[in-house]
Number of protein chains: 2
Amino acid sequence: MMLKIGALASLAGVSRDTLRFYEKHGLITPDTRTDSGYRLYSETDVYRISFILSAKEVGFTLNEIHQLLELEVTKDDKSCHDVKQFVDNKIQVVNQRLGEMEKIKQSLKTLSNACCGGDEPATHCTILGALSVQNR
Amino acid sequence: MMLKIGALASLAGVSRDTLRFYEKHGLITPDTRTDSGYRLYSETDVYRISFILSAKEVGFTLNEIHQLLELEVTKDDKSCHDVKQFVDNKIQVVNQRLGEMEKIKQSLKTLSNACCGGDEPATHCTILGALSVQNR
DNA sequence: CTTGACCTTGGACTATACTCCACCCTTTAT
DNA sequence: ATAAAGGGTGGAGTATAGTCCAAGGTCAAG
Ligand SMILES: [Zn+2]
Ligand SMILES: [Zn+2]
Ligand SMILES: [Zn+2]
Ligand SMILES: [Zn+2]
């Protein structure tokens with residue numbers, strides 16, 4: 001049961017271009033090609049694209065998915081420790097980004113709260129005022 | 001008191017390239033030029049770059065800063081309401097992004113918690129297993 | 001035999017925010 | 001006079017994740 005690119009694309013819910021893009025970046029390669037050059041994907045490839053999309057879903061970048069796939073294909077030589085480590089690192093990164101965004105949100109809230117929000121000209125607006133002063 | 005690009009750059013703590021980049025994108029334009037074409041920045045420009053950097057600090061994109069600067073220069077015709085609205089919209093966006101990242105973090109934590117993290121081969125790893133199954 | 005659906009490649013374009021480079025000109029200091 | 005420091009332009013490159021397009025080849029049905 002081999003699938004042409006369109007079939008795999010609609011099965012996975014991505015565009016044919018996306019599959020070719022992933023291929024160019026080493027994430028998924030068709031099992032074979034027809035004589036005329038059509039890509040043919042095997043069941044392993046279906047599994048693989050599913051892996052990629054699931055990993056994307058939980059926030060991994062394509063680059064990280066590349067590394068994850070390497071863990072996946074060499075899982076005989078890798079330990080659970082390695083895999084878990086990888087995920088835990090990502091959690092750290094996400095946490096850090098979460099903190100930054102939280103700080104941003106607080107700053108924005110402070111700005112917003114200080115503004116009267118009225119209908120008079122914004123010449124006296126505390127938001128505009130606060131932004132034009134170098135903070136920090 | 002006119003500043004050449006290098007002076008403003010070191011004053012603001014950005015590179016000359018960044019100032020030229022901002023100029024190309026309509027964020028800041030030197031007041032004048034010397035006969036030889038050197039950019040000359042006025043005090044208003046210093047204030048402007050300070051505004052840009054402060055806005056960046058609180059998470060606005062350059063595009064949004066562009067819009068903010070328009071509010072700023074036309075503040076006689078704008079109301080506090082307009083400015084506050086703009087900031088509140090951004091808070092909404094940040095909040096949404098925050099929610100997405102939180103969900104990602106939870107997914108990653110679930111993955112991590114299910115993995116034994118041991119030193120045996122990762123052939124049985126629940127993380128790799130979970131990722132290769134299409135979730136949702 | 002032709003039409004339409006599907007496939008191929010390569011390359012351009014999107015958004016975001018710069019950075020670096022080459023190549024050349026100006027200004028300042030010794 | 002000359003060298004170093006600083007400035008100018010245009011264009012390419014980086015990372016991220018694709019999308020869109022043109023020009024052409026292939027395949028099944030009517
Ligand atoms: Zn007000
Ligand atoms: Zn206000
Ligand atoms: Zn295990
Ligand atoms: Zn495991």
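All chains are named by letter (A, B, ...) in the order of the sequence lines, taking the proteins before the strands, and each is independently numbered beginning at 1.
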Exercise for review: Report yes if at least one side-chain N or O of A:Asn63 is closer than 4.0 Å to OP1 or OP2 of D:dA15; otherwise report no.
Suggested key: no
Review point. Given that B:Lys4 and B:Phe60 both sit by DNA chain C, which one's nearest nucleotide is further toward the 5' end?
Key: B:Phe60
Point to revise | Between C1' of C:dA17 and CD of B:Glu64, the distance in whole Å | key: 13 Å
Point to revise | Any B:Ser15 side-chain N or O less than 4.0 Å from OP1/OP2 of C:dT19 | key: yes
Review point. On DNA chain D, nearest-nucleotide positions of A:Asp35 versus A:His25: which is more 5'?
Key: A:His25
Review point. Which whole-number value in Å describes the distance from B:Leu3 CG to D:dG7 P?
Key: 11 Å
Practice item. Look at the side-chain N and O atoms of B:Arg16 and state whether any lies under 4.0 Å from the OP1 or OP2 oxygen of D:dG6. Key: no
Point to revise | Euclidean distance, atom CE of residue B:Met2 to atom P of D:dG7 [Å, nearest integer] | key: 15 Å
Practice item. Decide yes or no on side chain to side chain contact (heavy atoms under 4.5 Å, CB included) for A:Arg33 and A:Arg39, but give the supporting numbers first. Key: CA-CA 5 Å; A:Arg33 296 269 189 147; A:Arg39 288 169 177 80; 3.5 Å; yes
Point to revise | Any donor-acceptor N/O pair under 3.5 Å between D:dG18 base and A:Tyr22 side chain | key: no
Exercise for review: Output yes when at least one side-chain N/O atom of A:Arg20 is less than 4.0 Å from OP1 or OP2 of C:dT9, else no.
Suggested key: no
Study note, to complete from the structure: Whichever of A:Asp17 and A:Thr34 has the more 5' nearest nucleotide on DNA chain D, that residue is A:Asp17
Review point. Which listed nucleotide (C:dT27, D:dG18, D:dG8) is nearest to the side chain of A:Phe21?
Key: D:dG18
Review point. Tell me, do B:Asp77 and A:Pro121 make a side-chain contact under 4.5 Å, heavy atoms counted?
Key: no
Point to revise | A:Lys90 side chain reached by A:Phe60 side chain, heavy atoms, under 4.5 Å | key: yes
Review point. Roughly, in whole Å, what's the span from CD in A:Glu23 to C1' in D:dA17?
Key: 16 Å
Review point. How would you label the contact of B:Lys24 with the nucleic acid (heavy atoms, under 4.0 Å): base, sugar-phosphate, or nothing?
Key: nothing
Point to revise | Positive for side chain to side chain contact (heavy atoms under 4.5 Å, CB included) with A:Ile65, one of A:Glu72, A:Glu70, A:Lys56, A:His25 | key: A:Lys56
**Study point:** Spacing between B:Ile5 atom CD1 and D:dA5 atom P, to the nearest angstrom
**Key:** 19 Å
Exercise for review: Mind calculating the distance between CG (A:Leu19) and C1' (C:dC6) to the nearest angstrom?
Suggested key: 14 Å
Check your understanding: Is any N or O donor-acceptor pair between the side chain of B:Tyr38 and the base of D:dG6 shorter than 3.5 Å?
Key -> yes
Point to revise | Nearest-neighbour nucleotide for the A:Arg33 side chain, C:dT8, C:dC18, D:dA17 considered | key: C:dT8
**Study point:** Beyond-backbone contact of B:Arg20 with B:Arg16, side-chain heavy atoms, under 4.5 angstrom
**Key:** yes
**Study point:** A:Ile52 CD1 to D:dA17 P, straight-line distance once rounded to whole Å
**Key:** 12 Å
Review point. Does the side chain of A:Val93 come within less than 4.5 Å of A:Asn89's, by heavy atoms?
Key: no
Check your understanding: When you check the phosphate oxygens OP1 and OP2 of C:dT19, does a side-chain N or O of B:Thr18 lie under 4.0 Å from one of them?
Key -> yes
Practice item. Send over the distance from B:Leu62 CG to C:dA15 C1', rounded to a whole Å. Key: 11 Å
Review point. Does the side chain of A:Arg39 get closer than 4.0 angstrom to OP1 or OP2 of D:dT26 through an N or O atom?
Key: no
